[in-house]
Q: 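Quick one: structure below, then a few questions.
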Amino acid sequence: MIRINGKSGLSGLFLLLAVLLQSILILFNLAETTDSVNYIMYINNYIIGFLIILTLVLKGGSKHFLAIAFFACYLVFLMGQKPFEPEYDVYLTFVRLKLDTNQYFVFSCILFLGLAVTYYSYSLSSQRRSGNEQETLADKGINNQAIKPLLTVMLAVTLPCALYMQAKIVIVRSSMAYTSGYLINVDVPAVIKVGYYIYSTVVLLYLALKPTKRQLLFVLGTYILIEGGFQLFQGRRALFASTVLFCIWYLFKYHNIGKIKGKYIVRVGVVIAGLVILLFIVEQARDAKSTALTFRFLRKLLVSTGGSDSVIANTIYRKDQFPASGIAYLLDPLINNPLGNLLFGRTSSAQGLMYLQQHNSFSHWISYMTESSLYLSGHGMGSSYLAEVYLAFEMAGIPLVSVLVGWLLDKLNRIKFNDDLLRTGLVFFIVRRIFTLPRDGLFSWASSLIYLIFTYIIIYPFYYRYCRKTPEI
């Protein structure tokens, strides 16, 4: 029996009908694939995406902000370009690629399953709430604040390393063309690089302590500058956006905002509007174009940012051309990372043929196979978790991974400040990367995880000694 509770229930009903329609269209295409059914599926995917976001907003914008932001990024990165292009089955990143009827049907199914299965997995998981959510730190025998002096010292030591490293990268790469910067490794002392990666973890742990508002202003402000502003100057717009979205989500948690008031809507709106303008300016500047704002800036931004659908399309088109098995590309980040390089004595290299010989990196190989000359000149198509999973497991892997992503979104969103410090830090680490997942690899976080574990190893003896109370016998 279907229950309709208010506007969110009505929106959810329309969403269910759209999903059922898409399922029926898939059955029609399985019997006989046609362009007309493909086009209806193309339109319906947008309807499903917008209905998902609308339903979550009506259920509670602050409560479901993490999922809303993920699906918004999904629409922007994977579906943002097509509404401004005349042909729905043509992809223009690197080369012009037109999928045939059967190939586009596969593409449409991937997007549909990524949207619908993830949403319903998240929705079902969020309905199951554990009974011990009100348990306090005292109940768990944990005093997180005891480690705050150590984290303060570590923050003071690693912050200059982070500032130096990011500033030097910006300065070096600003003297050359945008794409040329990816053909070199900026020479930064190893101790500075390690300090920067430790800083990234220390900030997340410090935020997990729920610092005072004055401390929060400094820590979050410098974090946005280093992980957001400097990334924007390097043309890494997605990382800047993910940093801003993480900070908004964190502030919802910090202030325990259950319902978004009008003033918060205005503030978030201003931030998003400013973000859009900044991203457009960076897009124009990195391509050596005029930065004059016009009424077409939003269109240009979505066209340039929403090109990750080409990664999925080219994977479908070229999946039989990859020299190694699909699983090798999916798991490559788990093998080729700082720890793996240390254990096997490998040296890192910049983008190019040498890198391809050393790694089964999906993003590098799909770029090289699509247009080698562009790849060798420093361009890259990026990646997408959906493309990697499809290459590894074909269509069967998409719903399985989507179930896990939906479940993960709910588990991450449940985190509270009355939890174990190291667990909360890990959740923050994952949340930082969940927003870019549609245009990133499934395991692309592996290298950063090595540094997080390294930082945890340093901190754990102090954490266990001073924060975790020994039970009385």
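This chain uses plain numbering: 1 for the first residue, then up along the sequence. Predicted, not measured: the structure shown is a model, and the values here were computed from it.
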Q: Specify the closest pair of heavy atoms between Gly114 and Ser402, including all atoms of both residues, with the distance to one decimal.
A: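 Heavy atoms of Gly114 and Ser402 come nearest at CA-OG, 3.6 Å.
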
Q: In this structure, which one of Trp365, Tyr390, Tyr329, Tyr368 forms a ring pair (Phe, Tyr, Trp, His ring centres under 6.0 Å) with Phe322?
A: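 When Trp365, Tyr390, Tyr329, Tyr368 are each tested with Phe322, the ring pair (Phe, Tyr, Trp, His ring centres under 6.0 Å) holds only for Tyr329.
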
Q: Picking from Arg432, Arg433, Glu227, what satisfies side chain to side chain donor-acceptor pair (under 3.5 Å) with Ser242?
A: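 Between Ser242 and the candidates, side chain to side chain donor-acceptor pair (under 3.5 Å) is satisfied uniquely by Arg432.
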
Q: Sequence neighbours excluded, which residues qualify as side chain to side chain contact (heavy atoms under 4.5 Å, CB included) partners of Thr424?
A: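 Only Ala208, Ile415, Asp419, Phe428 meet the side chain to side chain contact (heavy atoms under 4.5 Å, CB included) criterion with Thr424.
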
Q: Can you see which heavy atom on Ser121 is nearest to which on Val403, and at what distance?
A: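 Looking at all heavy atoms of both residues, the shortest contact is OG-O, 2.6 Å.
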
Q: Does CD belonging to Glu32 count more than 12 external heavy atoms closer than 6.0 Å?
A: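 Not more than 12 within 6.0 Å, no.
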
Q: Return each pair, listed once, that meets salt bridge (charged side-chain N to carboxylate O under 4.0 Å, His left out) where at least one residue sits in residues 315-332; pairs must be two or more places apart or across chains.
A: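 Listed once each, the pairs are Lys319-Glu394.
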
Q: For a side chain to side chain donor-acceptor pair (under 3.5 Å) check, start with the C-alpha distance between Asp35 and Thr101, then their side-chain angles and the critical distance, and finish with the verdict.
A: CA-CA 6 Å; Asp35 290 328; Thr101 305; 2.8 Å; yes

Q: Which atoms form the tightest heavy-atom contact between Cys161 and Tyr196, and what is the distance?
A: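 It is CB-N, 4.0 Å.
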
Q: Of all heavy-atom pairs between Ser448 and Phe429, which one has the smallest distance, and what is that distance?
A: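 Scanning both residues completely, I find the closest heavy atoms to be CB-CE1, 3.7 Å.
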
Q: Mind checking whether Leu216 and Leu251 have side chains closer than 4.5 Å, heavy atoms only?
A: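 Yes. Closest side-chain heavy atoms under 4.5 Å.
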
Q: Is Tyr120 reaching over with its side chain to a backbone N or O of Gly406, donor-acceptor style, under 3.5 angstrom?
A: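 Not a single qualifying donor-acceptor pair exists.
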
Q: Check the pair Ile52 / Leu115 against side-chain contact (heavy atoms from CB on, under 4.5 Å), numbers first and verdict last.
A: CA-CA 8 Å; Ile52 285 174; Leu115 281 170; 4.2 Å; yes

Q: Counting only heavy atoms from other residues, nucleotides and ligands, does the tally under 6.0 Å from CZ of Phe112 exceed 12?
A: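 Atom CZ in Phe112 is crowded, with more than 12 foreign heavy atoms closer than 6.0 Å.
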
Q: Please step through ring-ring contact (aromatic ring centres under 6.0 Å, His included) for the pair Tyr375 and Phe94, ending with a clear verdict.
A: CA-CA 9 Å; Tyr375 170 77; Phe94 267 34; 8.2 Å; no

Q: Could you state the interatomic distance from CG (Leu16) to CG (Leu51), rounded to the nearest 0.5 Å?
A: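 Between Leu16 CG and Leu51 CG, I get 11.0 Å after rounding to 0.5 Å.
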
Q: Do Val57 and His64 come within less than 4.5 Å of each other through their side chains, counting heavy atoms only?
A: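 SC-SC contact between Val57 and His64 ruled out.
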
Q: Mind checking the CZ-CG spacing from Phe70 to Leu409? Nearest 0.5 Å is all I need.
A: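 If we round to the nearest 0.5 Å, Phe70:CZ and Leu409:CG are 6.0 Å apart.
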
Q: For Phe50, check side chain to side chain contact (heavy atoms under 4.5 Å, CB included) against everything at least two apart and list the hits.
A: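 By the side chain to side chain contact (heavy atoms under 4.5 Å, CB included) rule, Phe50 matches Tyr46, Leu75.
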
Q: So do the side chains of Phe362 and Leu442 get within less than 4.5 Å of each other, counting heavy atoms only?
A: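 Heavy-atom side-chain distance check fails, nothing below 4.5 Å.
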
Q: To the closest 0.5 Å, what do you measure between OG (Ser125) and CG (Leu404)?
A: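 These two atoms lie 11.0 Å from each other.
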
Q: Run Leu66 and Phe435 through side-chain contact (heavy atoms from CB on, under 4.5 Å) and show every step you take.
A: CA-CA 8 Å; Leu66 183 62; Phe435 305 114; 3.7 Å; yes

Q: Given Val311 and Arg439, is the side-chain contact (heavy atoms from CB on, under 4.5 Å) satisfied, shown in steps?
A: CA-CA 9 Å; Val311 178; Arg439 63 173 298 171; over 6 Å; no

Q: For the residue pair Leu25 and Val37, what are the closest heavy atoms and their distance?
A: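 For Leu25 and Val37, the tightest heavy-atom pair comes out as O-CG1, 3.6 Å.
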
Q: Show your working on side-chain contact (heavy atoms from CB on, under 4.5 Å) between His379 and Glu371 and close with a plain yes or no.
A: CA-CA 10 Å; His379 291 81; Glu371 180 50 69; over 6 Å; no

Q: Looking only at atom types and distance, does a side-chain atom of Asn314 sit under 3.5 Å from a main-chain N or O of Ser310, one as donor and one as acceptor?
A: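 Present.
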
Q: What is the distance from atom CD1 of Ile110 to atom OG1 of Thr315, rounded to the nearest 0.5 Å?
A: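 Ile110 CD1 to Thr315 OG1: 8.0 Å, rounded to 0.5 Å.
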
Q: With a 4.0 Å cut-off, would you call Lys82 and Asp309 a salt bridge?
A: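 Yes, Lys82 and Asp309 are salt-bridged.
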
Q: Search all heavy atoms of Ala18 against all heavy atoms of Ile47 and return the closest pair with its distance.
A: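 In this case the closest contact between Ala18 and Ile47 is CB-CG2, 4.3 Å.
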
Q: Between Asn45 and Gln22, is there a side-chain heavy-atom distance shorter than 4.5 Å?
A: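 When only atoms from C-beta onward are counted, Asn45 and Gln22 do touch, with a gap below 4.5 Å.
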
Q: Could you grab the distance from atom CG of Asn413 to atom OG of Ser126, nearest 0.5 Å is fine?
A: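 Asn413 CG to Ser126 OG: 9.0 Å, rounded to 0.5 Å.
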
Q: Quick one: are Leu408 and Ile430 in side-chain contact, heavy atoms under 4.5 Å?
A: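 Answer yes - side chains close enough.
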
Q: Could you check whether any side-chain heavy atom of Tyr199 comes within less than 4.5 Å of a side-chain heavy atom of Ile226, counting everything from C-beta outward?
A: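 They are in side-chain contact.
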
Q: Between Leu97 and Val90, is there a side-chain heavy-atom distance shorter than 4.5 Å?
A: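 Side chain of Val90 against side chain of Leu97, heavy atoms only: no contact under 4.5 Å found.
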
Q: Check whether the ring centres of Tyr122 and Phe71 lie less than 6.0 Å apart, and answer yes or no.
A: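 When the ring centroids of Tyr122 and Phe71 are compared, they turn out to be at least 6.0 Å apart.
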
Q: Can you confirm whether Tyr451 is buried at OH, in the sense that more than 12 heavy atoms of other residues, nucleotides or ligands lie under 6.0 Å from that atom?
A: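 Enclosed.
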
Q: With the side chain counted from C-beta on, respond yes when Lys59 and Ser123 share a heavy-atom pair under 4.5 Å apart, and no when they do not.
A: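 In short, these two side chains touch, coming nearer than 4.5 Å.
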
Q: Once you measure the plane-to-plane angle for Phe443 and Trp445, does it fall in the parallel (<30°), tilted (30-60°) or perpendicular (>60°) bin?
A: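 Perpendicular, since the angle between the ring planes exceeds 60°.
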
Q: Can you measure from CG (Leu205) to CG (Leu426) and round to the nearest 0.5 angstrom?
A: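 Those atoms lie 10.0 Å apart.
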
Q: Hey, mind stepping through Thr55 and Ser11 against side chain to side chain donor-acceptor pair (under 3.5 Å) and telling me if it holds?
A: CA-CA 5 Å; Thr55 302; Ser11 175; 2.7 Å; yes

Q: Tell me whether the rings of Tyr104 and Tyr91 are parallel (<30°), tilted (30 to 60°) or perpendicular (>60°).
A: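 The arrangement is parallel - the two ring planes meet at less than 30°.
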
